[in-house]
Student: 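I'd like to ask some things about the structure below.
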Amino acid sequence: MRVPEESVGTPSVSPSTGLSDYAREVRGRYQSLLRRRMGLLGLLLALIAASVVLDFSLGPSGLSPSALIRTLLHPHHVPAGQGVIVWQIRLPYALMAVCVGASLGLAGAEMQTVLANPLASPFTLGVSAAAAFGASLAIILGWRLPGVPDAWVVSGDAFVFAIGSVLLLDMVSRRRNAGTGTVVLFGIALVFAFHALVSLLQFVANEDALQDLVFWTMGSLTRATWPKLGLLAAACVIVAPLSFAASWKLTVLRMGEERAASLGVDVPRVRRGALLRVSILSALAVSFVGTIGFVGLVAPHIARRLLGEDHRFYLPGSMLVGALVMSLSSIAARNLLPGVVIPTGIVTALVGIPFFLGIVLRRRSIS
Amino acid sequence: MDGLYCEHMTVRYGRRTVLDDISVGPFPPGRVSALLGPNGSGKSTLLRALAGLGEATGRVMLGVDDLTGLTLARRTRRCLYLPQALPAMVHLQVLESMLAAQHATGVVPPDVQGDEIDAALHMLDVFGIADLSMRYMDELSGGQRQLVGLAQALGRHPDALLLDEPLSALDLHHQFAVMEILRRETAARQIVTVMVLHDLNIAVRMTDYDVILREGRIIAAGAPGAVITPVTLARTYDIVARVEKCSRGLPHVMVDGLR
């Protein structure tokens, strides 16, 4: 420990002798903290794996584990119906839950950091509402983007509006002197505006379209297909490393915008990058499965309590917590009521809230 | 020319001109300088402009180096501004916040590489808060967080350190301790240290070069004894003040009332 003697021992609380012993102790404690966090991330991964297996194995059709494995390994040697259940329903649902949860968890985590607001999430700042408006245009008015195949019309419209809403947020955040408070208020205004527009469309809709739309807004993993799953997974794989690469800058940003700038962080640029990543992940996720925004709000809070705010752990943590909550919700959605698949959006909130309150209200005792 | 100085600097916030074509300095290396003046006189704006934060026209020089064209990351490595606002109360350990401050620009200078934790602890120890290293920022008092902010700034080893009211949250003991630390580190590293101060007695006793600003203009600049006088204080603060020798022969500013 290279400490010049004369600079140690200011009139202060710290021990003026034995700093190197103390340094050794702190180093040890810090390293064990890092190990504990890695352990927690590993545990979350293991829980997700277990939850996916459970999600995959349980379901109204009551297939036995051996039948499931056989269908996975030899899809062509089983009854066609069984193949469809395993390959077109069980597997994409279970994996989609993980991808959607991870996307929303990461999007929410970055949003809360760059907007310096614990209420920021794709759900609370209008991304979900914008997606719902896009979907309602498709469902009720039959409006479609040119060249979009039938199976993608609703998702396509939803995606356009969702990404548009984040770009609007980004535009507002770029304005000079636009504080993070302004951006959050603008997002809340977007929520109300899009809700009003959706209500207007509902008012003029016919019964069938109305039913479709209401179901869409409840959010459901039953819309998962392999191409959509592939697209979302690819987005996660591309975007997540970019987020992780910005971890130090985002951590510094948490200490205050002005401080981050004075320490050399190009704050507008970091914020733009983060909002761009958020827009891709959250818009894809909500346009594929509907309004499942709650995860994006709670996963970051849970991750922060479990792992602290070093973004090297907080960002992947929020991603994994989101994936886990979503996967557990998916299990609950398909097994809570026998024979009925409840829209996942409903279950997510019901499963997530107790979890969330438990952690947030315990906050003081943890820190 | 040695030290930190700027030439023809103008800063506008919208239509309002806060600093109008001013040239300040050089703030000498190895010594602590103070920036004095009433609220809203442009002190923080000047420090921020020197550090390259916000838009400003004019040229900032550190010795023979022109800082004006550097990227933000490079410039803050050379010339670091410490904002007046305390570090936020986040769920981050003091040690982690030190490491994050070190990594903020993506490049960690070679002299702290390898032993970041030792370097961080040493810096905390300089400010007498090594025992807080594993505590969370959201459990600390305002004064403790201010000390952490100072340790973060000094731990970056800049060539010029610009501190915006670094004593605002500290008790008397720590105000003097921090001044002592800054004087010692400034001299040892031969860096430029400039701080915004409100306490004229600290300025007159513990700084070596003072600049007084009012409404974006320089009222006086030079050695404390020459700058802090009844005449300049009247012009700057609209007060009636005396500078007298105390029983130990040290200068002391006394305010008799408003002008």
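Below, each value reflects all heavy atoms present in this structure, side chains not excepted, and no hydrogens, waters or symmetry copies. We name chains A, B, ... by the order of the sequence lines, and we start the count at 1 in each one.
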Student: What residue, out of A:His311, A:Arg37, A:Arg312, has the most heavy-atom pairs lying under 4.5 Å from chain B?
Tutor: A:Arg37
Student: For B:Leu72, which atoms come within 4.5 Å of any heavy atom of chain A: side chain, backbone, both, or neither?
Tutor: both
Student: At their closest point, which heavy atom of B:Leu62 faces which heavy atom of B:Ala160, and how far apart are they?
Tutor: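 The answer is CD1-CB, 4.3 Å.
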Student: Within the 4.5 Å heavy-atom criterion, are B:Leu121 and A:Val26 side-chain neighbours or not?
Tutor: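 Yes, close enough: below the 4.5 Å cut-off.
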Student: May I ask you to decide whether A:Arg27 forms a salt bridge with B:Asp118, counting only side-chain N to carboxylate O separations under 4.0 Å?
Tutor: yes
Student: What residue, out of B:Glu180, B:Gln152, B:Met137, B:Arg75, has the most heavy-atom pairs lying under 4.5 Å from chain A?
Tutor: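 Ranked by contacts with chain A, first place is B:Gln152.
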Student: Can you name the nearest heavy-atom pair linking B:Ala101 to A:Met255, along with the distance?
Tutor: N-CE, 4.5 Å
Student: By a 4.5 Å heavy-atom criterion (distance strictly below it), what part of B:Gln93 contacts chain A: side chain, backbone, both, or neither?
Tutor: side chain
Student: Taking all non-hydrogen atoms of both residues, which atom of A:Leu275 and which atom of A:Val166 are closest, and how far apart?
Tutor: O-CG1, 3.6 Å
Student: For residues A:Gln112 and A:Pro300, report the shortest heavy-atom separation together with the two atoms involved.
Tutor: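 Heavy atoms only, the tightest pair is OE1-CB, 3.4 Å.
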Student: So which residue, A:Thr251, A:Asp266, A:Leu250, ends up with the most heavy-atom pairs under 4.5 Å with chain B?
Tutor: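 It is A:Thr251.
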Student: If you count heavy-atom pairs within less than 4.5 Å of chain A, which of B:Ala104, B:Ala120, B:Ala73, B:Ala188 leads?
Tutor: B:Ala104
Student: With a 4.5 angstrom heavy-atom cut-off, could you sort out which part of B:Leu99 is near chain A: side chain, backbone, both or neither?
Tutor: both
Student: Of the backbone (N, CA, C, O) and the side chain (C-beta and beyond), which part of B:Arg48 lies under 4.5 Å from a heavy atom of chain A, both, or neither?
Tutor: side chain
Student: Who wins among B:Ala100, B:Ala88, B:Pro83 for the most heavy-atom pairs under 4.5 Å with chain A?
Tutor: B:Pro83
Student: In terms of heavy-atom pairs under 4.5 Å with chain A, which of B:Gly149, B:Ala51, B:Ser97 leads?
Tutor: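 Of B:Gly149, B:Ala51, B:Ser97, B:Ser97 has the most heavy-atom pairs under 4.5 Å with chain A.
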Student: So does B:Glu165 pair up with B:Lys43, basic N to acidic O under 4.0 Å?
Tutor: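 Salt bridge: no.
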